[in-house]
Structures are given as C-alpha cells and as structure tokens.
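Following: one structure in structure tokens, then a few remarks.
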Protein chains: 2
Amino acid sequence: MITLTEENYIKAIYHLGKHGKNMVNTNAIAESLETKASSVTDMVKKLAEKDYLNYKKYQGVILTEKGRQVAVNIIRKHRLWEVFLVEKLNFTWDEVHEVAEHLEHIKSDKLINELDSFLEFPTHDPHGDPIPDKNGIFNTIDKISLSQANIGNTYKCIGVEDSSTNFLQYLDSNNIGLGTTITVLHKEPFDNSVKIKLHTKEMVVSQNVAKNLYLKVL
Amino acid sequence: MITLTEENYIKAIYHLGKHGKNMVNTNAIAESLETKASSVTDMVKKLAEKDYLNYKKYQGVILTEKGRQVAVNIIRKHRLWEVFLVEKLNFTWDEVHEVAEHLEHIKSDKLINELDSFLEFPTHDPHGDPIPDKNGIFNTIDKISLSQANIGNTYKCIGVEDSSTNFLQYLDSNNIGLGTTITVLHKEPFDNSVKIKLHTKEMVVSQNVAKNLYLKVL
DNA sequence: ACTAATTTTTAGATTAGTCTAAAAATTAGT
DNA sequence: ACTAATTTTTAGACTAATCTAAAAATTAGT
Ligand SMILES: [Mn+2]
Ligand SMILES: [Mn+2]
Ligand SMILES: [Mn+2]
Ligand SMILES: [Mn+2]
C-alpha cells in the first residue's frame, strides 16, 4: 500500500531528477513540496525502506525502477485528467492543475484506461506535456525553447515549461497558446528579450517568457 | 477545512439517520464504517466541536443543518461520478461504488457543476438513487418495494435498496435492471417469496430480493 | 427495584506525517 | 588546511485517526 503523501514525494523526486535519472537533494524536495528538510529526511528513509528509491545519507536520493514506474503512472493520471477537464468540462489550461493534483491519486486501472480510451488516447496534455501510455512509454516530440530559436525562422508553439497560473494567463492575454505560429524577428543581447511576430502583430517577450515557451520547427 | 475522514463519518450518519433526520447511535456508526465504537466517540466529539452535529453523551448524534448540507453535497458528487462511470466509461452498475467512494472527496465546485452539465443534469444514479441538484434539492420519485407490490399489477423497476456487488450481479444474471417491467403473479405467505413475470419468463424471488427492489406503478 | 447484559465513554498507546531546535556532516572560502 | 557557511540529520514534540482494555452509564429481565 502506497499513501497519497508517498506518491507526492515520488512524483516530486521524479520531476526534480529529470525523469528520475539524477540524484535529488533534500532541500530541493522540501522546497518543491513546501515542507521542511527534516520531514523529507524522515520520508525518504521510509521510501528507501519500501524500495521506491535509494538513499545515501547526506548524498541525496535517486528513484529505483519501481519508484520510477510509480511516478510515471501518477503523471499519466495527472495529465489524462487535465485533458478531460479541458476537453470535456470547459476548464481553461490555467485551472486544471490544482484539481488534477487530487484526481491523480485515485486508484483504479479500469478508470484510467477507460478515461484514456474515452479521450481517444491523447498524447499530450493541455500544457504540451507528453502523456505516457499504459506501459509507461512517452511519445516525446523534439522541442526547443523560444530562447534557443533562430532569428528569421517560423515555429509552432507546442508547450510550456512553467505552467503556473500567472504565466498561462500572461500567454492568454497575448493570444499565445498551443498551436500558435511564431516568427522570431530579433534577439536583444542586452537582456535576452526576444521580438516575435504573432499572427500579424509584433511583440517583445522577456527572457523569462522565452525560456518557458516551447516550439517546434515548422 | 474538513478532512476526508470527517466527510465519511458525516455521510454515514446522514444515511443511518434516514436523511439526517433521526438520532444515530455510536455502534451503528462504528459498524457502518468498519471501525470501533471508541474511535466513533472521539470523532463525534470533534464533529460536534465543529458544529456538524449535536452530540449528547450516551444518547447518540444528529446532524446539524451544516452537517446535513455537507452530507448532501458528498452524495451529489458520489452519484454524479457513478453516472459518469456508467454512461461514459463503460463501468457496470456493480463496479462504480468503490471508485465513487474516492471521487466523492475531490473538492472543486467547478468540477462537479461542469460534470453535472456534461452529463446533462441526471436526476438519478445507476442504482436509481436521486441526485440532489446544486442547491441540495432531491427530485424524489414515489416508489414501493417488490414486497409491498400487489398481485396482478405491473410495475417498472426503478431502483435498488442494496447496491452490493452480490445483489447487483444476481439481478444482472436474471435480466433485471432499471427499466425492467415486472408483473406480480403470486406472493407466498410461508416465506414471503414472490413469483413474478419478467419479459415472458416467470421466476420466484426471495423476500430478501423483493425487499431490496424498488418499483413504480406503470 | 435490583441485577445482568449491553452500550458507550475514557484512558493510554500506536502510526503517519509534520514541525522546531540542536547536532553532525559536507562544502566553500581564504 | 582550517574555519565559516550551508546542508542534512537527529531528537523530541504535536495532531489526526485509530486501537485495546477498563470504567461508567444505560437498558433489559425478572
Ligand atoms: Mn498539472
Ligand atoms: Mn500539465
Ligand atoms: Mn455508491
Ligand atoms: Mn449509487
């Protein structure tokens, strides 16, 4: 039996360790889960005991294959529920995260596989993040951030790195969404801001925005 | 803030007190929640403190209006999710309860009201139980149990009292479901069993079955 | 009305998850 | 290499929810 709290730790460690491949330190987990380092130490000991991760005192933790599978399954559920909320229940992409944080812990294989089928097996969630299939396989698409894009080229927006309400609402208010076509006009060396053409309108976005917007070559 | 456990106690007390109208005693709650009487005593003290119910030592508990509203909202969510699972995700009526027990605790007004709308405002769940609207109003239909039905009359099956897997699968295997037409042929005084006509087939059901099947006059 | 059976409450302990404050280990700076 | 800063762990305490065992109150039977 795995608890909701354990699932949240495992998911956080997966994300912090870039798909569970790197070591993650105590303070990073504490910050991510808005808890204290001492609580994290207690919990990672328990998770190590249950074989979800390997823990070396003062060195940090890394997920085991068992832990990685748990993480991928929670992420699958989170992202499928996000698709459901947007496609079927009229949620906007900045409203789904909070509810999906709860729905992702519902345990029923039939539920999630039927939901997947009902949604016609979506490959990406409303933020452009890939949805693993029932075997945990991700369908990853090549992407670059707007910061890395080349002047003169035209791209399609396919995702965001930051899916905070603030950032998503900023994008909404500037008519940027998944599928939007963006041409890079100028990159300002001084502050790394980027001038882009959107539809017919031109605008300048900060480095912060540029780093958090993912594109693919058209 | 109300916890998941508190919600489950309040719901159980609502059902045991016949829509929260009657006093409920400690042992009944303990049995219903598969816990111990001592745990119930502790919890009802806490719920009384939070004004969800009135508690008199050794006398039992009764929900306050605030408690009744919490119960009705949980029941609304439980039954809407049951409809969703059957109508959209190919669950059978004997599979939905367990999953709905978890889904009913997800807290989001938008979620539940959009779900209601998506399902086109259903008035009854897959077991024939009424679904309160967003104001907590039940659309109750007059119903009698098969035990109370009259010989020679024809009825339509509109619900079940017991929604255990065993009972629902028994009904499935005898082709009895919501909407099934039933004519009462004979009532056996010895054991209160009932002989009925279903479609063209005749069969005898036990008193236990007859008491748990709800009908309306055609 | 009095005893016996039942129900309910209290007392004390346990587990999961968290916290603060202090100690220990690691890392960084000179 | 040694001290200072940072990170991490330990120790001890707290809350929510549960349990067992014992005590108290209520209800039932004669
Ligand atoms: Mn999300
Ligand atoms: Mn997402
Ligand atoms: Mn149910
Ligand atoms: Mn039901």
Side-chain angles (χ1 to χ4, degrees), chain A residues 1-17 22-63 66-67 70-71 74 101-102 104-107, chain B residues 1-17 22-63 66-67 70-71 74 101-102 104-107:
Chain A
M1 243 294 298
I2 189 167
T3 68
L4 184 149
T5 310
E6 288 169 347
E7 287 187 342
N8 281 334
Y9 271 86
I10 290 168
K11 186 178 62 152
I13 292 163
Y14 177 90
H15 284 307
L16 290 167
N22 305 306
M23 274 238 162
V24 180
N25 58 357
T26 303
N27 270 356
I29 300 168
E31 188 185 9
S32 161
L33 293 172
E34 296 180 88
T35 185
K36 302 291 164 168
S38 54
S39 306
V40 173
T41 300
D42 283 348
M43 180 57 86
V44 298
K45 281 179 182 170
K46 191 166 65 140
L47 293 174
E49 193 59 45
K50 290 188 169 188
D51 204 36
Y52 292 115
L53 49 79
N54 293 117
Y55 166 57
K56 277 276 181 48
K57 260 192 186 185
Y58 294 99
Q59 302 302 122
V61 300
I62 188 162
L63 291 180
K66 179 182 172 189
V70 168
I74 298 165
E101 282 298 309
H102 297 285
E104 73 187 3
H105 299 290
I106 304 286
K107 289 166 187 65
Chain B
M1 241 295 298
I2 189 167
T3 68
L4 184 149
T5 309
E6 288 169 346
E7 288 188 341
N8 280 334
Y9 272 86
I10 290 169
K11 186 178 62 152
I13 292 163
Y14 177 90
H15 284 307
L16 290 167
N22 305 306
M23 275 239 162
V24 181
N25 58 358
T26 304
N27 269 356
I29 300 168
E31 189 186 9
S32 162
L33 293 172
E34 295 180 272
T35 185
K36 302 293 163 163
S38 55
S39 305
V40 173
T41 301
D42 283 348
M43 180 57 84
V44 297
K45 281 179 183 169
K46 189 165 66 139
L47 293 173
E49 193 59 45
K50 290 188 170 189
D51 203 36
Y52 292 116
L53 50 79
N54 292 118
Y55 166 57
K56 277 274 180 51
K57 261 193 186 183
Y58 293 99
Q59 301 302 122
V61 299
I62 188 161
L63 292 180
K66 179 182 172 191
V70 167
I74 298 165
E101 282 298 307
H102 298 285
E104 71 187 4
H105 299 291
I106 304 285
K107 288 167 188 64

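Lettering of chains follows the sequences in order, A, B, ..., and the numbering in each one begins at 1.
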Closest non-hydrogen atom pair, A/Lys50 against A/Met1 = NZ-O, 3.2 Å
A/Met43 CE to D/dT10 C1', straight-line distance once rounded to whole Å | 17 Å
Between atom OH in B/Tyr58 and atom C1' in C/dT9, what is the gap in whole Å?
-> 4 Å
Quickly work out the A/Asp42 CG to D/dT9 P distance and round it to whole Å.
-> 10 Å
Between C/dT9, D/dT9, D/dT18, spot the one nearest the side chain of B/Thr35, thanks.
-> D/dT18
Closest-nucleotide ordering on DNA chain C, the 5'-leading residue of A/Thr5 and A/Lys57 | A/Thr5
Is a donor-acceptor contact shorter than 3.5 angstrom present between the side chain of B/Ser38 and the base of C/dT8?
-> no
B/Lys36 NZ to C/dA11 P: how many Å, rounded?
-> 21 Å
Using both distances under 3.5 Å as the test, list the Watson-Crick or G-U wobble partner of C/dT30, or none.
-> D/dA1
Whole-Å distance between D/dC19 P and B/Leu33 CG?
-> 10 Å
Taking OP1 and OP2 of C/dT6, is either one under 4.0 Å from a side-chain nitrogen or oxygen of B/Asn27?
-> no
Rounded to the nearest 0.5 Å, what separation is found between the NE2 atom of B/His105 and the NZ atom of B/Lys107?
-> 7.5 Å
Does A/Asn25 make a side-chain N or O approach to OP1 or OP2 of D/dT8 shorter than 4.0 Å?
-> yes
Between A/Tyr9 and B/Gly60, the residue closer to the 5' end of DNA chain C by nearest nucleotide is B/Gly60
Rounded to whole Å, the NZ-P distance (B/Lys45 to C/dT10) equals 4 Å
Check whether any side-chain heavy atom of B/Lys11 lies under 4.5 Å from a side-chain heavy atom of B/Glu7, and answer yes or no.
-> no
Quick one: look up who D/dA24 pairs with, Watson-Crick or G-U, both distances under 3.5 Å, and put none if it's unpaired.
-> C/dT7
Atom-pair distance (OH on A/Tyr55; P on D/dT9), nearest Å | 3 Å
In this structure, CD1 of B/Ile62 is separated from CG of B/Leu53 (nearest 0.5 Å) by 10.0 Å
Determine the contact category for B/Thr41: base if any of its heavy atoms lies under 4.0 Å from a base atom, sugar-phosphate if only primed atoms, P, OP1 or OP2 are that close, otherwise nothing.
-> base
C/dT18 phosphate, OP1 or OP2, under 4.0 Å from A/Ser39 side-chain N/O = no
If you count the non-hydrogen atoms of other residues, nucleotides and ligands that lie under 6.0 Å from CD in B/Glu101, is the total more than 12?
-> yes
Counter-base of C/dT18, judged by Watson-Crick or G-U geometry with both distances under 3.5 Å | D/dA13
Within this structure, what is the NZ-to-P distance between B/Lys56 and C/dT9, rounded to whole angstrom?
-> 13 Å
